[in-house]
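Reading through the structure tokens given below for one structure.
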Amino acid sequence: MSWADYTRAKHFGNGIFLPYSDLIADIAFNLDNLLSTNPILAHNVIPIPNRDIVLVKGKRISLLAVSSNTYRHLPLFQTYEWKDFLNIDEEVFIRDHPTINKDSLVINADNLYDFLLENYSMLDPVLIIFPSIFQASKDSIEEQIKNNITYKMAKSILDKEIKSYEEKKQMENNTEVFLSHKSDDKSLVREIALTLSSIGYSPWLDEDKMKAGANLERSIRSGFENSCAAVFFITPNFKDEGYLASEIDYAIAEKREKGDKFVIITLLIPDDKGSYGEVPRLLKSYVWKEVKPIQAIRTIIEALPIELNKVSWKRNL
């Protein structure tokens, strides 16, 4: 939509009109300019007029909340007065942040995030405090400040978009599930891999992922780098030695690097006689569980840090 249509567009909330909409127009203009050098990212960024926006006006400083996306079919445009919306006194905030009269400031406030999500369904908003300069004379100091802060506000939104885009790409690239096992248990693990694959996950199984002549150590290391989880099938056959020992080391290294985006799933599975193997010492510091083979797939899916939520019709029925 054109910006002239923005203030007349269908929306939820009481609207954001002139002169306040001009500030948002300047932010959108700066964001478009910043995105012009990165067309791939620009293609994935929601235009500012299509996002939920809450503007909280103060006498000297204001708050702008811009969502990362919209929950509804129409965006929210909402305006409040500072004293009616925020618990913290405006002058107290200025005293604690003396540079705010000339600059913008991205804030992290969990209670405000929760409030916006609960009451307005705002999705992962950027929260920016800035000087309340909505109108300024040409070539004035106020105009310079306004131009500076609208650029910085656009840059703050862009920084969040870049971070979200990189996390999304990382999630797309690191969603395999590494299946660590002894070759004697291959038939069991192969069935689990087939089940994971059939419901949309991407299991890493050596016989499927490793080409003939490939360097084993490098292939295993690459498999871990592209994974979001490592599943260790601990049977009486599993021994903490050789390549299996390396896989444990790699899993722990990935956990330290990726944090919550990587999990170590240790399954203690009995053999046909009901005997159990021993959980390797380095894996004992992580949660492990005794399961029967039929329970393994459900336990793995429940523990994975990713979920499948895309529903589509089967093509070949």
Side-chain angles (χ1 to χ4, degrees), residues 1-6 9 11 21 23-54 64-77 104-108 113 116-117 121-128 130 147-178 197 200-204 209 218-219 221-229 254 257-262 304-313 315:
M1 70 174 71
S2 68
W3 205 263
D5 295 332
Y6 171 74
H11 60 268
S21 60
L23 180 98
I24 299 171
D26 290 341
I27 295 171
F29 176 78
N30 279 291
L31 182 59
D32 287 344
N33 283 341
L34 289 168
L35 287 168
S36 64
T37 60
N38 192 335
I40 295 177
L41 178 62
H43 181 72
N44 289 274
V45 172
I46 304 296
I48 293 293
N50 296 340
R51 304 182 188 214
D52 295 329
I53 299 176
V54 171
L64 185 69
V66 182
S67 70
S68 59
N69 206 332
T70 52
Y71 174 77
R72 311 165 188 80
H73 65 286
L74 293 175
L76 169 76
F77 303 154
S104 62
L105 173 68
V106 176
I107 61 171
N108 297 308
Y113 287 130
L116 291 168
L117 177 61
S121 300
M122 287 194 77
L123 303 177
D124 194 21
V126 180
L127 305 178
I128 308 173
F130 63 97
N147 292 339
N148 180 57
I149 63 172
T150 52
Y151 174 81
K152 287 191 173 182
M153 292 163 80
K155 185 66 167 57
S156 299
I157 296 172
L158 176 65
D159 290 343
K160 187 174 184 67
E161 291 293 338
I162 291 173
K163 182 179 179 181
S164 298
Y165 180 73
E166 290 177 346
E167 288 179 349
K168 180 181 177 181
K169 295 302 293 182
Q170 182 182 24
M171 286 294 292
E172 291 175 354
N173 295 332
N174 300 334
T175 55
E176 293 188 337
V177 181
F178 193 99
S197 181
Y201 292 98
S202 180
W204 196 100
K209 296 293 184 178
R218 289 183 179 179
S219 297
R221 189 74 189 94
S222 176
F224 274 97
E225 290 175 352
N226 294 328
S227 295
C228 66
E254 290 296 314
E257 180 179 345
K258 297 177 182 175
D260 293 340
K261 291 182 172 58
F262 187 90
L304 289 175
I306 58 174
E307 60 183 0
L308 304 178
N309 55 15
K310 182 178 180 181
V311 178
S312 59
W313 291 101
R315 293 185 177 181

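Only this structure's heavy atoms are used, side chains among them; waters, hydrogens and symmetry mates stay out.
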Q: Measure the spacing between OG of Ser67 and CG of Leu117 and express it to the nearest 0.5 Å.
A: 11.0 Å
Q.
Just verifying a value: how many Å separate Leu23 CG and Ile149 CD1, rounded to the nearest 0.5 Å?
A. 6.0 Å
Q) Looking at residues at least two apart in the chain, or sitting in another chain, which of them share a side chain to side chain donor-acceptor pair (under 3.5 Å) with Asn38? A) none
Q. Are any of the side-chain heavy atoms of Tyr201 and Ile306 separated by less than 4.5 Å?
A. yes
Q. Counting distance only, does the side-chain N/O of Ser68 pair as donor-acceptor with the main-chain N or O of Leu123 below 3.5 Å?
A. yes
Q) Nearest 0.5 Å, what's the CD1-CG distance between Ile48 and Asp32? A) 8.5 Å
**Q.** Minimum heavy-atom distance Thr70-Asn50, with the two atoms named
**A.** CG2-O, 2.6 Å
Q. At their closest point, which heavy atom of Cys228 faces which heavy atom of Pro305, and how far apart are they?
A. O-CG, 3.4 Å
Q: Quick one: sort the Phe224 and Phe178 rings into parallel, tilted or perpendicular, breaks at 30° and 60°.
A: parallel
(Q) Tell me if the NZ atom of Lys160 is crowded by more than 12 foreign heavy atoms within 6.0 Å. (A) yes
Q) Is there side-chain contact between Phe29 and Thr150, with at least one heavy-atom pair below 4.5 Å? A) no
Q.
Could you tell me if the side chain of Ile157 sits less than 4.5 Å from the side chain of Leu34, heavy atoms only?
A. no
Q.
Do Arg51 and Pro75 have side chains that approach each other closer than 4.5 Å (heavy atoms only, starting at C-beta)?
A. no
Q. Under 4.0 Å between a Lys/Arg side-chain N and an Asp/Glu carboxylate O for Asp159 and Lys163?
A. no
(Q) Quick one, Val45 with Tyr165, criterion side chain to side chain contact (heavy atoms under 4.5 Å, CB included). Give me CA distance, side-chain angles, the key distance, then yes/no. (A) CA-CA 9 Å; Val45 172; Tyr165 180 73; over 6 Å; no
Q | Shortest non-hydrogen separation from Leu64 to Met153 and the atoms involved | A | CD2-CE, 3.6 Å
Q) Are any non-hydrogen side-chain atoms of Leu41 and Leu158 less than 4.5 angstrom apart? A) yes
Q) Is there a donor-acceptor pair closer than 3.5 Å between any side-chain N or O of Ser36 and the backbone N or O of Asn33? A) yes
Q) At their closest point, which heavy atom of Ala154 faces which heavy atom of Ile27, and how far apart are they? A) CB-O, 3.6 Å
(Q) Ignoring hydrogens, what is the shortest heavy-atom contact between Lys258 and Asn226? Give both atom names and the distance. (A) NZ-N, 4.4 Å
Q) Is the closest basic N to carboxylate O distance between Arg221 and Glu254 below 4.0 Å? A) yes
Q. Say you draw a straight line from CG of Leu35 to CG of Asn44; how long is it, rounded to the nearest 0.5 Å?
A. 10.5 Å
Q | Minimum heavy-atom distance between Leu127 and Ala65, given as atom pair plus value | A | CD2-CB, 3.6 Å
Q | Atom pair CG/OG of Leu31 and Ser156 - distance to nearest 0.5 Å | A | 10.5 Å
Q.
Other residues, nucleotides and ligands only: do more than 12 of their heavy atoms fall within 6.0 Å of OH on Tyr113?
A. yes
